[in-house]
Amino acid sequence: MTEFTIASFNVKNLIGANQEYYRFQSYTPEEYAWKQDWLADQLLTMDADIIGFQEIFEENALQSVIEEASVRAEALNEASVPDRSKRYHRKAIFKKLKVDPYRDAALAFAPNAADTGHPGERRPGLAILSRFGFAEEPEIIQDLQAPLEIPFSALRGMDEDDAGFFRLKRISRPILKARVPVGETVVTVFNCHLKSKLGEFDGAGPQDLTKYDPMGRAMGSLRSGLRRMAEAWVLRREILKELDLGRPVMVLGDFNDGQHTVSSEIISGETPFKNYAWMLRHDAKHSGDRYSDDENIQITEDITSRQLHSAERLFVRKSLRDMVYTTAFGGVFESIDQIYLSRHFHPDYENRLGEMTYFSVLNDHLTDGSHPEAPYNKLASDHGQIMAHINLL
């Protein structure tokens, strides 16, 4: 049996000191040192085998954090893990205390295609860190080979040509696809960071809030929502390519939406009905013309074989509690960071390759600034870190 952990970590704007990433936003050397220290400690606490990072502006800055985490891991092991000369070195507790450094881990970085490097106008990428290396060269998906055109169906009584369409040529941040060898299994891992809920407003700059335009802001939210759902479909298309090849899949990242939203359901795929045999056929000739029992089995298999499952939801089912959140803003606590698993890791699937045994959330640092005893700290991440513990059978 092979045990491993896979995690998602939105680090919040990781870039070196004295570099303006967004307009008038940069870190002093002291602020950057604090952030690097905090991130290294989080990596040490997580001790995850595979990590998907979001909001990485510079690969070097991430490498420095990983190096510092490795230094601390080695120092911790030196202090707390006995060597073979100690007769008690075989005690199981020391396996739990040991933290593996990332000296031999492989790092894949996906820069943002829209990042020109111009101060104040930077755009973040993402990365995957793997202690198991990669089975093949990771793939970056951002600029679409052919534009995605989403035609709208005409409403009844309207001309089909007047329905309109939505076109997407580039997703806002890259999707990083990596095939990771774990034991005798190769798992396809997708790391993503979908478009945020921040509205896309008219004009090049932000809206003048002294001239509040509620209709314009509503349109901005509509644009960002359309973009996020279109990006979810692009990700879903790549997921299906892997599933149709029979490959186990894990999808993680900052979805910028909860698990019950349309964009997340696009990524995971639909949930099958309990029984299709009572439904009218799509080409029904009379009221009793329904799908057969054999067709019900076929339809259910076609859907479930391509369905992904929320690791958080599996954990809540397993533990009988619902206490997970990864963001806090405006008094609202919700989970927008997700890990999804193909049915190869679902406990109810008889041909499963493994299953999740636990789900960890590191969110004690989160605050929305509404409590005076816990003021918002811009240097730590504004996201909780999530980690799934997997046993391969």
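Taken from OG in S292 to CD1 in I299, the straight-line distance is 8.0 Å, to the nearest 0.5 Å. Q54 contributes atom CD, which lies 9.5 Å from atom CZ of F9 (distance to the nearest 0.5 angstrom).
The hydrophobic clustering, which links ILVMFWY residues whose side-chain heavy atoms are closer than 4.5 Å, places L314 and V187 together. Taken together through direct or relayed side-chain contacts under 4.5 Å among Ile, Leu, Val, Met, Phe, Trp and Tyr, W34 and L14 form part of one hydrophobic cluster.
Here the side chains of R236 and R306 are in contact, with some heavy-atom distance below 4.5 Å. Inter-residue side-chain proximity for S224 and L198 is flagged as unmet; no heavy-atom pair is nearer than 4.5 Å. The shortest side-chain heavy-atom distance between H383 and V11 does not fall under the 4.5 Å cut-off. No side-chain heavy atom of F166 sits less than 4.5 Å from a side-chain heavy atom of L148.
Note on ring orientation: taking the six-membered ring where Trp is involved, the planes of Y340 and F255 are perpendicular (angle over 60°, cut-offs 30° and 60°). Aromatic ring orientation, Y276 versus F273: perpendicular (interplanar angle above 60°, classes split at 30° and 60°). Between F57 and Y21, the angle of the ring planes lies from 30° to 60°, which puts this pair in the tilted group.
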* To do: Take E31 and K35 through the salt bridge (charged side-chain N to carboxylate O under 4.0 Å, His left out) test and state the conclusion after the steps.
  => CA-CA 6 Å; E31 288 173 328; K35 186 175 185 71; over 6 Å; no

* **From CA spacing to verdict: salt bridge (charged side-chain N to carboxylate O under 4.0 Å, His left out), R72, D37** => CA-CA 10 Å; R72 296 183 186 191; D37 174 78; 2.6 Å; yes

* Between D47 and K98, does a salt bridge (charged side-chain N to carboxylate O under 4.0 Å, His left out) hold up when you go through it step by step? -> CA-CA 9 Å; D47 189 25; K98 183 181 178 182; over 6 Å; no

* To do: Decide yes or no on salt bridge (charged side-chain N to carboxylate O under 4.0 Å, His left out) for D257 and K197, but give the supporting numbers first.
  => CA-CA 8 Å; D257 254 336; K197 295 181 181 179; 3.5 Å; yes

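With F53 as reference, L129 is the one residue of L126, L176, L129 to meet the side-chain contact (heavy atoms from CB on, under 4.5 Å) rule.
In summary, the side chains of H344 and S342 do present a donor paired with an acceptor at a separation below 3.5 Å, with no hydrogens or angles considered.
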